[in-house]
Number of protein chains: 2
Amino acid sequence: MDLQRIKYFLALAEQLHYWKTAEKVNITQSALTRQIQSLENELGLQLFERNKRNVKLTPAGKFLKEKWEVELSELEYIHQFAKQIYLGERGTITIAHPDSISASIMPDILAKITQAFPQLQIKLVQVLYENQLDFLKNYKIDLAITRDITSEQGIKSKKIYSDHLALVVPLAHSFKRFEDLSTERLKAQKFILPTKDEGSSYSEIIQALFKSYDFVPDVFLHSEFGSTIIALVRKGLGIAILPDSYMHHQSPGLRFIPLPFKTDILINWRADDHNPVLANILKLVF
Amino acid sequence: MDLQRIKYFLALAEQLHYWKTAEKVNITQSALTRQIQSLENELGLQLFERNKRNVKLTPAGKFLKEKWEVELSELEYIHQFAKQIYLGERGTITIAHPDSISASIMPDILAKITQAFPQLQIKLVQVLYENQLDFLKNYKIDLAITRDITSEQGIKSKKIYSDHLALVVPLAHSFKRFEDLSTERLKAQKFILPTKDEGSSYSEIIQALFKSYDFVPDVFLHSEFGSTIIALVRKGLGIAILPDSYMHHQSPGLRFIPLPFKTDILINWRADDHNPVLANILKLVF
DNA sequence: ATCCATTAATGCAAAATACGCATTAATAAA
DNA sequence: TTTATTAATGCGTATTTTGCATTAATGGAT
């Protein structure tokens with residue numbers, strides 16, 4: 001069943017006149033007659049009651065007119081929507097990002113995206129570092145913003161930002177400036193650090209940091225969640241190393257002492273992802 | 001856009017394999033390829049991401065698969081429904097009938113109809129005799145069951161039943177049998193009769209009845225509503241002439257004395273009514 | 001009652017479209 | 001490197017659709 005036929009039918013059901021309708025839909029009366037005939041054959045029912053003089057809808061025709069009008073406009077909407085998805089103006093994209101940047105660069109990124117593609121549905125999720133690649137490969141997320149460098153096959157990666165690490169201490173703490181730090185004094189501290197993952201470049205940087213002071217820190221708690229760490233530091237349970245992006249979070253009672261170590265923020269995506277939404281975002285934002 | 005194409009698409013979206021799909025839908029792989037291609041052209045978007053080895057849905061294709069599945073099954077349901085309307089198995093019909101038969105032949109008629117066409121909507125109304133033809137012509141009712149013979153143009157008519165007139169009296173009344181009736185004794189009675197309409201064949205029969213006894217009845221009240229008349233007779237306010245169909249109504253305290261006058265029940269319908277529901281009912285019931 | 005104007009249906013040939021067969025080209029696996 | 005698999009494509013054929021011209025039915029006018 002051709003949708004065009006249904007459109008012809010609807011036009012005729014409006015006009016109830018073959019000639020006028022045929023002219024309106026730009027075919028000949030003969031063609032219209034046959035279109036309606038074959039539509040009736042296909043459905044196995046009569047749409048119009050007609051003699052050589054009058055055209056009238058049958059009850060079944062009347063019913064179909066009403067229903068088809070609705071269905072056709074629904075279909076039209078669906079097709080339009082699909083086209084938008086195809087053009088990357090619509091659709092959904094799921095982005096994983098670390099908590100650390102949710103107050104610094106994430107707002108900028110999101111503002112840019114929503115301004116350019118107001119129809120775009122964005123889903124933000126937080127995923128443990130170790131799961132990010134899996135999630136990416138299994139289409140659970142489309143874009144991973146991370147501090148880890150990946151050399152995985154099939155995953156493309158790009159650096160978009162970098163910020164410094166900072167030592168995070170309570171305001172009352174004796175460490176005030178970078179110059180206050182020394183191996184001696186650092187050794188005496190209790191640290192709250194992220195989980196030490198195998199192959200995580202972020203934790204490697206932190207390890208490198210401690211190596212530069214030439215000691216192994218006393219870590220009493222591991223957490224990947226920055227907000228947890230910050231809360232613990234504020235309560236005086238220990239001090240932490242965090243990216244200074246956290247300074248953008250409103251965190252009274254804390255002091256960030258910048259360290260001469262940089263941590264990169266990268267975006268990862270599937271190399272074979274042809275979702276135009278993604279292409280647009282990559283083009284736009286990064 | 002041909003719905004068949006969409007079906008091909010859905011099959012391919014399931015299998016993600018041209019050969020297998022082509023075999024399944026009974027066309028060649030070549031034809032399937034072109035169907036999909038022209039569908040994509042028509043929509044102006046890509047449905048599948050494909051190389052010579054793999055077939056995969058694009059986001060737009062995925063979206064359309066989901067939506068089209070729903071739409072197609074809706075359309076199928078609609079077409080089935082329309083077919084039922086066409087066959088007269090669905091739809092609505094409005095029937096006017098006299099009160100007198102609501103306990104005798106109406107239940108049989110309705111039982112037959114609903115058994116044969118359970119999906120059919122039947123609307124029962126009671127219409128004054130004088131309005132029946134108007135209502136029929138103006139499409140307010142589709143079928144009029146009546147005791148009046150019509151010779152109106154455009155109205156078809158058929159006799160479906162006939163019953164006797166009966167004299168209705170209270171049980172205590174001195175009239176017990178037909179033999180008790182005489183012109184003398186009838187003259188003394190007060191009568192409750194239906195409205196004496198011009199051209200109503202029913203009231204003509206009643207007039208003929210009185211003519212056979214050669215007197216003019218003392219009518220103190222006219223009513224077209226049998227249940228009203230019966231209530232009045234039971235209270236002893238007078239006696240009445242009614243079709244003996246009323247004997248089927250449970251009416252204690254009354255005696256029906258059959259009279260040798262018959263009254264026909266007819267059905268009337270529009271000659272040009274091509275509603276298949278009507279045709280079915282006429283075929284089935286009468 | 002007859003004629004006329006209107007209008008849906010239809011025969012036919014041309015045009016457009018769809019189809020199948022055979023082949024090609026790309027690619028993953030052996 | 002070879003082979004098997006598989007989507008795309010060229011081409012001739014079959015089918016379908018279209019437009020033109022004509023027919024046939026019908027309601028309205030005279």
Side-chain angles (χ1 to χ4, degrees), chain A residues 1-58 60-62 65 137 153-154 270-274, chain B residues 1-58 60-62 65 137 153-154 270-274:
Chain A
M1 170 146 3
D2 197 327
L3 292 186
Q4 188 57 46
R5 281 197 182 149
I6 297 182
K7 285 181 190 157
Y8 289 151
F9 161 77
L10 288 179
L12 181 58
E14 248 355 279
Q15 295 266 341
L16 295 177
H17 194 288
Y18 275 79
W19 276 33
K20 291 179 193 165
T21 306
E23 192 170 16
K24 201 172 180 182
V25 298
N26 289 319
I27 52 171
T28 57
Q29 171 262 322
S30 143
L32 180 60
T33 291
R34 280 172 240 250
Q35 289 279 358
I36 299 295
Q37 280 173 344
S38 57
L39 189 55
E40 285 181 335
N41 277 338
E42 210 167 348
L43 289 164
L45 54 82
Q46 215 178 323
L47 293 166
F48 295 98
E49 218 177 278
R50 51 197 186 277
N51 47 37
K52 302 254 166 181
R53 200 80 188 167
N54 284 309
V55 180
K56 203 177 105 189
L57 279 168
T58 61
K62 204 168 174 181
K65 174 180 186 296
K137 284 184 169 177
Q153 173 113 21
R270 290 180 295 276
D272 67 343
D273 190 340
H274 294 103
Chain B
M1 169 148 2
D2 197 326
L3 291 186
Q4 187 57 45
R5 278 193 184 154
I6 298 182
K7 285 182 190 157
Y8 289 150
F9 161 78
L10 288 179
L12 181 58
E14 240 6 91
Q15 295 266 343
L16 295 177
H17 194 288
Y18 274 79
W19 276 33
K20 291 179 193 165
T21 306
E23 193 169 15
K24 202 172 181 183
V25 298
N26 289 319
I27 53 172
T28 58
Q29 171 263 321
S30 144
L32 180 60
T33 292
R34 279 173 240 248
Q35 290 279 359
I36 298 295
Q37 280 173 344
S38 57
L39 188 55
E40 284 181 336
N41 278 337
E42 210 167 349
L43 289 164
L45 54 82
Q46 215 178 322
L47 293 167
F48 295 97
E49 220 176 277
R50 51 198 186 276
N51 47 36
K52 302 255 167 184
R53 201 78 188 167
N54 284 310
V55 181
K56 205 176 102 189
L57 279 168
T58 61
K62 205 169 174 181
K65 174 180 186 295
K137 283 184 169 177
Q153 173 113 25
R270 288 181 294 276
D272 66 344
D273 189 339
H274 294 104

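All of these numbers come straight from a predicted model, not from anything done at the bench. Order of the sequence lines fixes the chain letters, A, B, ..., with proteins taken first and strands second; residue numbering starts at 1 for each chain.
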Practice prompt. Using heavy atoms to find the nearest nucleotide of DNA chain D for B:L16 and B:R34 separately, return the residue whose nucleotide is more 5′.
Written response: B:L16

Discussion item. Taking the basic N atoms (NZ, or NE/NH1/NH2) and the acidic carboxylate oxygens, is any pair closer than 4.0 Å for B:E40 and B:R50?
Written reply: yes

Discussion item. Whether A:K7 and A:E14 form a salt bridge (side-chain N of Lys/Arg under 4.0 Å from carboxylate O of Asp/Glu) is what I want to check.
Written reply: no

Worksheet item: Do the side-chain N and O atoms of B:T33 and B:Q29 include a donor-acceptor pair separated by under 3.5 angstrom?
Response: yes

Fill in: Nearest-neighbour nucleotide for the B:S30 side chain, D:dA7, C:dG20, D:dG19 considered
C:dG20

Worksheet entry | Selection from C:dA9, C:dA18, C:dT7 that lies nearest to any side-chain heavy atom of A:W19 | C:dT7

Discussion item. Students often get this wrong, so: under 4.0 angstrom with heavy atoms, is A:Q35 touching a base, only sugar-phosphate, or nothing?
Written reply: sugar-phosphate

Response to the item:
From CD of B:Q37 across to C1' of D:dG10 the rounded distance in Å is 13 Å

Worksheet item: Rounded to the nearest Å, what distance is computed from the CD atom of residue A:E23 to the P atom of nucleotide D:dG19?
Response: 13 Å

Fill in: Upstream residue (5' side of DNA chain C) when B:I27 and A:T33 are each assigned their closest nucleotide
A:T33

Worksheet item: Roughly how many Å is it from CG in B:N41 to C1' in C:dA16, rounded to a whole number?
Response: 16 Å

Worksheet item: Are B:R50 and D:dA8 close enough that a side-chain N or O sits under 4.0 Å from OP1 or OP2?
Response: yes

Discussion item. Could you tell me how far apart B:I36 (CD1) and C:dC19 (P) are, to the nearest whole angstrom?
Written reply: 12 Å

Discussion item. Assuming nearest nucleotide by heavy-atom distance, tell me which of A:A31 and B:T28 is located more 5' along DNA chain C.
Written reply: A:A31

Discussion item. Measuring from the side chain of A:N51 (C-beta onward, heavy atoms only), which nucleotide among D:dA7, C:dA8, D:dT26 has the closest atom?
Written reply: D:dT26

Item to complete: Round to the nearest Å and state the distance from A:L39 atom CG to D:dT17 atom C1'.
Response: 15 Å

Practice prompt. To the nearest 0.5 Å, tell me how far B:Y8 OH sits from B:S38 OG.
Written response: 11.0 Å

Practice prompt. Compare all side-chain heavy atoms of A:K56 with those of B:H274 and state whether any distance is below 4.5 angstrom.
Written response: no

Worksheet item: Tell me: OH of B:Y18 to P of C:dC21, nearest whole Å?
Response: 19 Å

Item to complete: Could you tell me the separation between the CG atom of A:D2 and the C1' atom of D:dT17, rounded to a whole number of Å?
Response: 11 Å

Worksheet item: B:Q29 near the nucleic acid: base, sugar-phosphate alone, or nothing, with a heavy-atom cut-off under 4.0 Å?
Response: base

Response to the item:
Between CG of A:N54 and C1' of C:dA9 the distance, given in whole Å, is 15 Å

